Structures are given as C-alpha cells and as structure tokens.
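These numbers come from a predicted model, not from an experiment. Numbers restart at 1 for each chain; the letters A, B, ... are given by sequence-line order, proteins then strands.
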Amino acid sequence: MMPHKNSTFRATLIAATLGLSVLQAGCATKPDPSDEAAVQAYNEANDPLEPMNRYFFEVNQFLDEILLKPFAGWYHIALPDPAEDGVRNFLRNLKSPVILANDLFQGEWNRAGTTVARFFINSTIGVGGFVDVASMMDMKYHEEDFGQTLAVYGAGEGPYLHLPIIGSGNPRDYSGRIVDYALDPLTWIGYAYNVTEINTARAGLDAIDTRARNLEAIDELKKGSVDFYATVRSLYRQQRDDLIKNGESEQQASQIITDEMIPEDGNAPVKFKPAQPEDQVTTAE
Amino acid sequence: MFTSMSTRRLLIAAGLVLFGWTAAPAAQASTDPTSFIEEVSSQAITQMEPAATETDQQRAAKLKPLLEKYFDMPAIAKYMLGSYWRKATPEEQADFTSVLTDFLALAYGKRFANYTGHQMAVGRVRDEGDGRSVVFSTVKLPSGDPARVDWTIEQVGDGYKIADVKVEGLSLADTHRQEFASVINNNGGSVSKLIEILKKKVGSN
C-alpha cells in the first residue's frame, strides 16, 4: 500500500473542496438578465469575484491603517523632502533592467535607449542612483512592466482581482509581475548570495515611499467617496490603461488612428485602442 | 493596500482633479477652446485660492457656482448614471443632478484650493467633432513634476462647457460613473438610494 500517496490525495481533495466553496462564496450574484441596466453595470465593473475582493480590500485597508500608513507617516516626518526624492530615485534606478527588458519587448527603441542612458548616468554621476541627473538632461523616467507588454501584445486584462497585501490587479498584471520578478537581476543576486532579504527590504521601502507621497491624497480620496472600493478599482484600471498607452495615445496616436479605423471585432493593436470606447463623454445617448 | 501600483498618479489625481491654475489674463468672453480653459483657470484662482484655509463647507460653497457655470452638469450627471439614467424617473434625474453638484463641490473643494496658483500651460486642442474638443494642458506640481490635464469641452449655445477632466489619464467622469454604478448595484438597483447616500454625504461633512 502507499499510505503516503493516499493521504496526499485526500489532502488535495479537501483543499480543492475548500477552495471551491470559498470561491463560490466569493462570487458576485449575476444580475437578472432582463434588467438591462444591471447587466451593463455588471459587465462594465468586470468584477465577478467582487465579494471576495471587497473582503480582501477591507483586510488591506485595516493593514494600511495599523501598519503602512503610520510607517509612511513617520518616514515622511523623519526624512526631509530631498532625501525622500533620493530614495525614490534610488528605487527607480534599481528597476532599470526590468524596464529596459520591457521597452525592448515592446519595440520601444527610443525609450530603451533612454532607460540605458539613465541607468549609466544616474548610477555614476548620480551617486548610485540617488540623484536623478538624467532627468535634468531631459531624459525622464518612465515605467514599463511585463503586464504592459502583455497588453501591447493584445492580452486582455481579465477580471479585477484584489489580493491580500498586494492589492489591486488582474490576471494579466499578476502574470506580468511574476515575469518581471524573474527578469530582475536582483532576484538572482538575492538567491545566489543568499541575501533574498534585499528584495523584501526593497519592496517594503517602495511601499512606504509610495504611501508617504500619497498621505493626504488618499485621505481626501477616501473622504470624498461614497464607495471607496469601486473608486480604487476604477482608478487602478484607468492608471494601467494610461501606462499601457505610455500616456501618449491621447495626444499623439489618436490623431493617426481614429475609432472608425478600429475594426468591429476590436482587433486593433491594443496600444492605440481606447480601452472603453463607449465611455467617451457624450451628451447624445 | 497602496503599494507601488497606486503610484504618484493617485496623488496627482486626488490633488488636482478639477482645475489647472495659472495667472491667466482677465476673464473675457471665450470664443475658442483655449481661451475658455484659460478663463476657467483664472476664475478658479480668483475664487478658490483664498479658500485654502477655510472649512470644507465654505470651500464647497465657492466651488459650486464655478461648477454650475463652467461644467455641463446635466450631461455629466447623465453620463455618470450610465444606463441607470433611463431607469430613473424625471424627478430622480433632477434630484441626482442637483445633489451631484453639491457632492463634487464638497469632494473636490480642498484638493482644488490646495493646488491653485500653480503654473498651467495650455497646449494643443484636438477637435473631436460634434462640437466637442479636448484641450491638453500641463500643470507643474509643487514637487516640480509636470502633470497632464486633459479637458473635454463641448459647445453649448454660444459658449463652451466642460464635460470631463482627465488628470494623468484618470477621468473624473469615468471614476464616479463606476463608483455610482457600484453603489446602485449594491442597493438593489435603486437610484433613489444613491441619491439618499449622496445627500447624506453632502449634509454630514
């Protein structure tokens, strides 16, 4: 007999059953198909796991209140603004290899060149990345990640998914994060020299730095909102959309590609396609 | 939690959503999109800059007439309700439009007052057809970082009105549209419940 294998099987079965029931409890009730407005709102939200997401959102809000926000507050008080900027510059410089890889994946040769130049200038003249000398030379920082690369290649975002600690996301962006993690030389340096703590420390510092820059902004956002979860969900999507389009399409690409040029089946390059064409503000409805 | 995903843009969005601000020339009848946005901007400075130290209610009282004058509130209200607009009764539609103005005046008063007085550079204008256009502008933040602010405006009668503002790609109209849809859905599809919640929000702050 193989008792070991048997118990593994049983454990898997239990886990699967538990997982399924959690998932079921976490599912949003589908709207009545005859209720047109509700169906449209349901589709627009694209959040089939809303109850579960809301639960994790609440958990994260709690963690934010007791941990991240206080830390960020102290950090903000303790560090003078130039020092805070230095930390951000340093963290951004560390992201250069991942940004470069994704610039290249997307065929953004000019931006790839900027990323390389920024890395060398800031790592040397910029004292290990603490001073963003390159941006004074008009080579501005930009973000790029594998989630955006997937979008440029035409991958859809999938449903919204809010995870504990990590926060807002969707299957496309989470897959992207895993790839970025593997692309990052620091990941491998961490494993090779048995100092994976550097990556944990870096992620923690990044979270604190970002939170410290948004102390008042998030308070105001929360205060002025009647459904903070839905607001954050919407802002996350819009922000990702803007990043995918490199913040430019509004100003440049859409002059070249108009809505009429996008085929009915929506197979236009994602880069130029407005995410939700029906969301244009219009008085005629 | 607010990790790296909600970056600086959240700050900017929350900070500036309504207006960009500059010392524009004195207000005059605006005959083109660029001068319209410049007029809005200069009015915003005159009205809102002294309000930085006032209470939320005082700021809201100053912002409300600006919203009514320069924003196409009926069109914005209709867009924000989405397909629920057609389900709402005429009374609910009117009620919603009115409470929405108060809600936005309250929600954005502080962000507004804090950010007045910053340099705004109005860039090019894109004609969208049907009397609509987008005016692109850049606002320099106190940190020195520039933020993109795009104004969707439309021709109403002889003048212009604002239909949406996008800060760094984050749209005021879309954000509240999704927020309101969520509130309605979680209250059994009731528009009147949303109105009630908004009224309570406006009254209690």
Nearest 0.5 Å, please: how far is CZ in B:R86 from CD in A:E36? 6.5 Å

B:S182 side chain near A:R233 side chain, heavy-atom distance below 4.5 Å: yes

A quick test of your reading: do over 12 heavy atoms of other residues, nucleotides or ligands sit less than 6.0 Å from CZ of A:F62? no

side-chain contact (heavy atoms from CB on, under 4.5 Å) against A:D32, all qualifying residues, sequence neighbours excluded: A:S34, A:D35

To the nearest 0.5 Å, what is the distance between OG (B:S171) and CG (A:L235)? 9.5 Å

Go through the steps to decide whether B:D174 and A:R237 satisfy the test side chain to side chain contact (heavy atoms under 4.5 Å, CB included), and finish with yes or no. CA-CA 11 Å; B:D174 285 341; A:R237 284 196 175 126; over 6 Å; no

Evaluate salt bridge (charged side-chain N to carboxylate O under 4.0 Å, His left out) for B:K166 paired with A:D242, printing each intermediate quantity in order. CA-CA 11 Å; B:K166 278 189 179 174; A:D242 187 60; over 6 Å; no

Taking it one step at a time, do A:T231 and B:Q178 satisfy side chain to side chain contact (heavy atoms under 4.5 Å, CB included)? CA-CA 7 Å; A:T231 303; B:Q178 278 149 29; over 6 Å; no

For A:D132, all residues meeting salt bridge (Lys or Arg N to Asp or Glu O under 4.0 Å), sequence neighbours excluded: A:R118

On a heavy-atom basis, which atom in B:K201 and which in A:K223 lie closest, and how many Å separate them? NZ-O, 2.8 Å

Could you tell me whether A:Y75 atom OH has more than 12 heavy atoms of other residues or ligands within 6.0 Å of it? yes

What residues of residues 184-197 of chain B sit under 4.5 Å from chain A when only non-hydrogen atoms are counted? B:N185, B:N186, B:I197

Taking every heavy atom of A:A38 against every heavy atom of B:Y84, the minimum-distance pair comes out as CA-OH, 3.5 Å

Between A:S225 and B:E179, does any side-chain donor sit less than 3.5 Å from a side-chain acceptor? yes

Applying side-chain hydrogen bond (donor to acceptor under 3.5 Å, both in side chains), can you list everything that pairs with B:K161, at least two apart in sequence or on another chain? none

Shortest non-hydrogen contact from A:A41 to B:A181? CB-CB, 4.3 Å

Would a 4.5 Å heavy-atom cut-off, applied to side chains only, mark A:V226 and B:L198 as touching? yes

For A:G247 versus B:R148, what's the shortest heavy-atom pair and its separation? O-NH1, 3.2 Å

Quiz question: by atom type and distance under 3.5 Å, do the side chains of B:T175 and A:Q238 form a donor-acceptor pair? yes

